[in-house]
Peer 1: 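Have a look at this one before I ask anything.
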Amino acid sequence: GSSWADDWQKFFDPYDIRGEEMATRQAGVDVGQLEEAWGQKQEQLQEAWGLKGAQLGETLALGREQQGEAWRGQRAELGGQWGAQQQQLGTGARRGFQDVERMISGMTQRGRGLGFGEQRRRQAEAEVSGAYKSSFGLGQSAYERALGEGRSRYKQGLKAGTSAYEQAMGAGEMALGQALETGQLGVQQATT
């Protein structure tokens, strides 16, 4: 019953259906562009991570190869040193046995008894043989210990490289996941 009952419409613009349609179309275009841009960005992020992951894998493989080469070189060097030491020990033992022969030969020329000479020969040969076995055992022990230490360092180096690779891969995957989630959230907010 008020005076405004008939003329309330003069306070409002008429509803523009064309404006709604244009705004809806424009929003659809904007949302489409957002999704397209996000799709491209998402592909770029995944490609970049794929390249980084491949790079990390190559770095790990190269590190393993270098460690393997270093270990093979060290093992060959140790083998060469042990071989040279074996030759020196053998040469020393031969000289020792030759000295025993010279000593026995000298004793028989001076007229000492054969019984005493034979007993002395066995004793001298036992000394030379014992010294050779002892030196050979010590050398063998040192060689095996050095090989064990080198092998242990090689394995530790491989473990450290693998651990660093796994940590880098984990960190990269987490960063990629966060970037994808952040980007997706941005698209949703912009769409809204």
Side-chain angles (χ1 to χ4, degrees), residues 43-182:
E43 285 178 22
Q44 289 173 350
L45 286 170
Q46 289 172 336
E47 283 178 22
W49 170 240
L51 291 174
K52 182 65 175 176
Q55 214 174 29
L56 289 171
E58 289 173 8
T59 301
L60 175 66
L62 180 62
R64 285 181 170 178
E65 185 178 319
Q66 289 173 343
Q67 288 175 336
E69 287 177 15
W71 166 237
R72 285 188 293 278
Q74 182 184 14
R75 190 173 53 198
E77 184 180 332
L78 287 171
Q81 289 172 352
W82 173 231
Q85 189 178 5
Q86 284 176 324
Q87 287 178 347
Q88 288 174 348
L89 290 172
T91 301
R94 278 190 295 283
R95 285 186 187 144
F97 284 120
Q98 289 169 352
D99 289 346
V100 168
E101 287 300 320
R102 278 194 292 273
M103 178 186 71
I104 295 302
S105 163
M107 289 174 71
T108 52
Q109 286 178 0
R110 285 186 289 232
R112 300 250 175 144
L114 287 176
F116 177 74
E118 196 56 40
Q119 181 183 4
R120 181 67 185 125
R121 171 186 289 200
R122 282 193 301 272
Q123 184 181 11
E125 285 177 349
E127 288 173 5
V128 169
S129 182
Y132 173 76
K133 287 179 183 176
S134 174
S135 295
F136 189 89
L138 290 172
Q140 179 77 26
S141 232
Y143 170 68
E144 289 172 356
R145 189 171 44 253
L147 273 181
E149 290 171 0
R151 188 177 299 113
S152 176
R153 282 191 301 275
Y154 170 65
K155 287 180 180 179
Q156 287 173 351
L158 289 179
K159 275 186 181 179
T162 301
S163 177
Y165 168 77
E166 289 171 352
Q167 287 176 352
M169 289 295 287
E173 288 171 357
M174 186 167 45
L176 174 66
Q178 289 174 344
L180 291 175
E181 288 174 10
T182 301

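Excluded from the calculations below are hydrogen atoms, water molecules and symmetry mates; all remaining heavy atoms, backbone and side chain alike, are included.
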Peer 1: Could you walk me through whether Lys52 and Gln55 pass the side-chain contact (heavy atoms from CB on, under 4.5 Å) test, one step at a time?
Peer 2: CA-CA 5 Å; Lys52 182 65 175 176; Gln55 214 174 29; 3.7 Å; yes
Peer 1: To the nearest 0.5 Å, how far apart are CD in Gln67 and CZ in Arg153?
Peer 2: 12.0 Å
Peer 1: The test is side-chain contact (heavy atoms from CB on, under 4.5 Å); show your working for Arg64 and Thr162 and say whether it passes.
Peer 2: CA-CA 9 Å; Arg64 285 181 170 178; Thr162 301; 2.6 Å; yes
Peer 1: Report the distance from atom OH of Tyr154 to atom CD of Gln74, rounding to the nearest 0.5 Å.
Peer 2: 12.0 Å
Peer 1: According to salt bridge (charged side-chain N to carboxylate O under 4.0 Å, His left out), who are the partners of Glu77, at least two apart in sequence or on a separate chain?
Peer 2: none
Peer 1: Going from CD on Glu58 to CG on Leu60, what distance comes out if it is rounded to the nearest 0.5 angstrom?
Peer 2: 11.0 Å
Peer 1: If you measure from CD on Glu43 to CD on Gln46, what distance do you get to the nearest 0.5 Å?
Peer 2: 7.5 Å
Peer 1: Going from CD on Gln140 to CD on Gln85, what distance comes out if it is rounded to the nearest 0.5 angstrom?
Peer 2: 10.0 Å
Peer 1: What do the steps show when you test Glu101 against Glu125 for side-chain contact (heavy atoms from CB on, under 4.5 Å), and what is the final call?
Peer 2: CA-CA 9 Å; Glu101 287 300 320; Glu125 285 177 349; 4.0 Å; yes
Peer 1: Please list all pairs passing the salt bridge (charged side-chain N to carboxylate O under 4.0 Å, His left out) test where one or both residues lie in residues 127-150, with sequence neighbours left out.
Peer 2: none
Peer 1: By ring-ring contact (aromatic ring centres under 6.0 Å, His included), which residues pair with Tyr132, not counting sequence neighbours?
Peer 2: Phe136
Peer 1: How long is the straight-line distance from CD of Gln156 back to NZ of Lys159, given to the nearest 0.5 Å?
Peer 2: 7.5 Å
Peer 1: I would like to know whether Gln81 and Tyr143 meet side-chain contact (heavy atoms from CB on, under 4.5 Å); could you show each step before the answer?
Peer 2: CA-CA 9 Å; Gln81 289 172 352; Tyr143 170 68; over 6 Å; no
Peer 1: Under a 3.5 Å distance rule, please check whether Thr91 uses its side chain to pair with a backbone N or O of Gln87 as donor and acceptor.
Peer 2: yes
Peer 1: Taking Ser134 for the side chain and Gly130 for the main chain, is one N or O donor matched with an acceptor at less than 3.5 Å?
Peer 2: no
Peer 1: Could you report the tightest heavy-atom contact between Ala179 and Leu45, atom names first, then the distance?
Peer 2: CB-CD1, 4.0 Å
